[in-house]
Amino acid sequence: MDMSTKIKYATDILIYSIDSRKNLNTRELPKKYFSILLVKRNKEPFKDMWCLPGGFVFEDETSYDAAKRVLKKETNLTDTYIKQLGTYDDIKRDPRERIVSTAYLSLVDKNKIKDELSLDVKWFDIEIKEEKEQIYLELTNEDKIFISIKKKLINNKANQYEYILENSENIAFDHGLIINDGIIELRKEAETTDIIFNLMPDKFTIGELKQVYEIILGKQLINSAFRRVIAKKVEEVDEIIQTGGHRPSQKFKYKGD
């Protein structure tokens, strides 16, 4: 065994966001879309394919420092949520050489991004379809990305699953797997913490907040139960909004700020 093999250290960052788009039917509330920021590669390997923003970790920084640097480069945002997701070290994950990457999860409000994105950086809408043992992700912009993940139960007592990348089209490396892992982690956090408020503007209606929870969790929530739980986490602000034919809606803010 050659003990002198050098392993390069990189970071990749999942930058998720939510935005609203008007419906053609003006009586309906704007529809929420869950999206992720991707970069088009301009060199081999995987030239002209999409990938997560990222890069190598410099000698004088941690992977966390590198992730913040990449986030600022792509969005010009600094004061935003960022959390370590996991380490990816499959031996064949990069065809060039042995590269280990620590992935980070970031949640941003698109409305706070003031600068124009680079031409090779785009937001992709995320659509999630699940079956018993399969997860299908479709990422859509001018291009389309298809990702197929096998879900394998490995510990019934701990409800622990292994997620295996079966197929990915138009996305580089193992980034399809990392994107799926980020969504799984985001769903877990949404059930137990207030992480979703990192995706919200400073002021919002309860209806808007419920839409975001539903799109992240992938299920419909009972209105009365949601309002009862969320009432402990928000407070009214002196502002209402009129949308289409609906009666005015009260705006709120996160109580923890």
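From a predicted model like this one, the values you see are computed outputs, not experimental measurements. In what follows, every heavy atom counts, from backbone to side chain, and hydrogens, waters and symmetry copies are set aside.
Between the Ser106 side chain and the Tyr81 main chain, a donor and an acceptor come within less than 3.5 Å of each other. A donor-acceptor contact shorter than 3.5 Å is absent between the side chain of Ser118 and the backbone of Val121. Side-chain N or O atoms of Glu236 include none that pairs as donor or acceptor with a backbone N or O of Gln250 at under 3.5 Å. Put simply, the side chain of Asn159 never gets that close to the backbone of Asn156: no donor and acceptor are under 3.5 Å apart. A donor-acceptor contact shorter than 3.5 Å is absent between the side chain of Asn155 and the backbone of Gln160. Panel note: side chain Asp174, backbone Leu177; no donor-acceptor pair is recorded below 3.5 Å. Looking only at distances, no side-chain donor or acceptor of His175 sits under 3.5 Å from a matching main-chain atom of Cys51. Thr11 contributes a side-chain N or O that, together with a main-chain N or O of Thr102, makes up a donor-acceptor pair within less than 3.5 Å. No donor-acceptor distance shorter than 3.5 angstrom exists from the side chain of Glu189 to the backbone of Leu186, with no hydrogens or angles considered.
Using the six-membered ring where Trp is involved, Phe124 and Trp50 have ring planes that are perpendicular, over 60° apart on the 30 and 60° scheme. Using a 30° and 60° split on the angle between ring planes, Phe204 and Phe197 fall in the tilted class, from 30° to 60°.
Here CG of Asp143 is found 5.0 Å from NZ of Lys40. Values are rounded to the nearest 0.5 Å. Expressed to the nearest 0.5 Å, how far NZ of Lys210 lies from CZ of Phe226 amounts to 7.5 Å. Separating the CD atom in Glu61 from the OH atom in Tyr9 is a distance of 10.0 Å, to the nearest 0.5 Å. Atom NZ of Lys233 and atom CG of Leu209 lie 9.0 Å apart (nearest 0.5 Å). Within the model, atoms CG of Leu105 and CD1 of Ile178 stand 12.0 Å from one another, a figure rounded to the nearest 0.5 Å. A distance of 6.5 Å separates CD in Glu74 from CG in Leu37, rounded to the nearest 0.5 Å.
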Side chain to side chain contact (heavy atoms under 4.5 Å, CB included) assessment of Lys255 paired with Val234: CA-CA 5 Å; Lys255 191 179 289 186; Val234 299; 5.7 Å; no
Could you go through Asn170 and Lys144, starting from their C-alpha distance and side-chain angles, then the distance that decides it, and tell me whether this counts as side chain to side chain contact (heavy atoms under 4.5 Å, CB included)? CA-CA 7 Å; Asn170 207 19; Lys144 286 191 175 182; over 6 Å; no
Start with the C-alpha distance between Ile36 and Ile15, add both sets of side-chain angles, then the distance that settles side chain to side chain contact (heavy atoms under 4.5 Å, CB included), and finish with yes or no. CA-CA 6 Å; Ile36 184 169; Ile15 305 174; 5.7 Å; no
Can you list the steps and then say if Val100 with Thr87 is a side chain to side chain contact (heavy atoms under 4.5 Å, CB included)? CA-CA 7 Å; Val100 174; Thr87 298; 3.6 Å; yes
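Taking the six-membered ring wherever Trp is involved, the centroid distance between the rings of Phe34 and Tyr16 falls below 6.0 Å.
In this structure the side chain of Ile113 never reaches within 4.5 angstrom of the side chain of Asn76, judged on heavy atoms. In this structure the side chain of Lys251 reaches within 4.5 angstrom of the side chain of Ile241, judged on heavy atoms. The shortest distance between side-chain heavy atoms of Ile206 and Phe252 falls below 4.5 Å. The closest side-chain heavy-atom distance from Tyr104 to Ser63 is below 4.5 Å. Looking at heavy atoms from C-beta onward, Lys68 lies out of side-chain contact with Leu71 at the 4.5 angstrom threshold. Side-chain contact between Ile145 and Leu38 is present, with at least one heavy-atom pair separated by less than 4.5 Å. Considering only heavy atoms from C-beta on, Leu221 comes within 4.5 Å of Tyr213 through its side chain. Contact check for Ile179 versus Leu52: side-chain heavy atoms found under the 4.5 Å cut-off.
When only modelled atom types and interatomic distance are considered, Lys32 and Ser20 share a side-chain donor-acceptor pair under 3.5 Å.
Taking a 6.0 Å sphere around CD of Glu97, one finds it holds more than 12 heavy atoms contributed by other residues, nucleotides or ligands. No more than 12 heavy-atom neighbours from other residues, nucleotides or ligands sit within 6.0 angstrom of CD1 on Ile222. Other residues, nucleotides and ligands contribute more than 12 heavy atoms inside 6.0 Å of the CD1 atom of Ile154.
The two residues Glu44 and Phe46 come nearest to each other via the heavy atoms OE1-N, 3.2 Å. Taking every heavy atom of both residues into account, Arg187 and Ile216 meet most closely at NE-O, 2.8 Å. Across all non-hydrogen atoms, the minimal contact from Gly182 to Leu14 is CA-CD1, 3.8 Å. Of all non-hydrogen atoms in Thr205 and Ser249, the two that sit nearest each other are CG2-CB, 3.8 Å. Nearest approach of Val39 to Pro53, heavy atoms of both residues: CG2-CG, 3.9 Å. Of all heavy-atom pairs spanning Asp125 and Ser35, the tightest one is OD1-CB, 3.9 Å.
Arg41 and Asp48 are not joined by a salt bridge, as no carboxylate oxygen comes within less than 4.0 angstrom of a charged side-chain nitrogen. Using a 4.0 Å cut-off between charged nitrogen and carboxylate oxygen, Lys219 and Glu214 do not count as a salt-bridge pair. We find that Glu239 and Lys203 are joined by a salt bridge, their nearest charged nitrogen and carboxylate oxygen being less than 4.0 Å apart. With respect to Lys72 and Asp79, no salt bridge is recorded, no charged nitrogen being found less than 4.0 Å from a carboxylate O. The pair Glu185-Lys83 counts as a salt bridge, with a side-chain nitrogen and a carboxylate oxygen less than 4.0 angstrom apart. Between Arg96 and Asp94 there is a salt bridge, since a side-chain N of the basic residue sits under 4.0 Å from a carboxylate O of the acidic one. Looking at Glu166 and Lys152, no side-chain N of the basic residue comes within less than 4.0 Å of a carboxylate O on the acidic one, giving no salt bridge. Salt bridge Asp12/Arg93: present, at least one basic N to carboxylate O contact under 4.0 Å.
A cation-pi geometry, defined here as NZ or CZ lying under 6.0 Å from the six-membered ring centre and within 45° of its normal, does not hold between Lys129 and Tyr136. For Arg69 and Phe58, the positive end sits near the middle of the six-membered ring, less than 6.0 Å away and at most 45° from its axis. Cation-pi geometry between Arg21 and Tyr33 is satisfied (NZ or CZ under 6.0 Å from the ring centre, within 45° of the ring normal).
Using a 4.5 Å cut-off between side-chain heavy atoms of Ile, Leu, Val, Met, Phe, Trp and Tyr, with links allowed through other members, Met49 and Ile147 fall into different hydrophobic clusters. Linking Ile, Leu, Val, Met, Phe, Trp and Tyr whenever their side-chain heavy atoms come within less than 4.5 Å leaves Leu137 and Trp123 in two separate clusters. In terms of hydrophobic clustering, with Ile, Leu, Val, Met, Phe, Trp and Tyr side chains grouped at heavy-atom distances under 4.5 Å, Ile126 and Ile171 are assigned to a common cluster. When hydrophobic clusters are built by joining Ile, Leu, Val, Met, Phe, Trp and Tyr residues whose side-chain heavy atoms come closer than 4.5 Å, directly or via intermediates, Tyr88 is not grouped with Val57. Taking hydrophobic clusters as Ile, Leu, Val, Met, Phe, Trp and Tyr residues chained together by side-chain heavy-atom distances below 4.5 Å, Met200 does not share a cluster with Val237.
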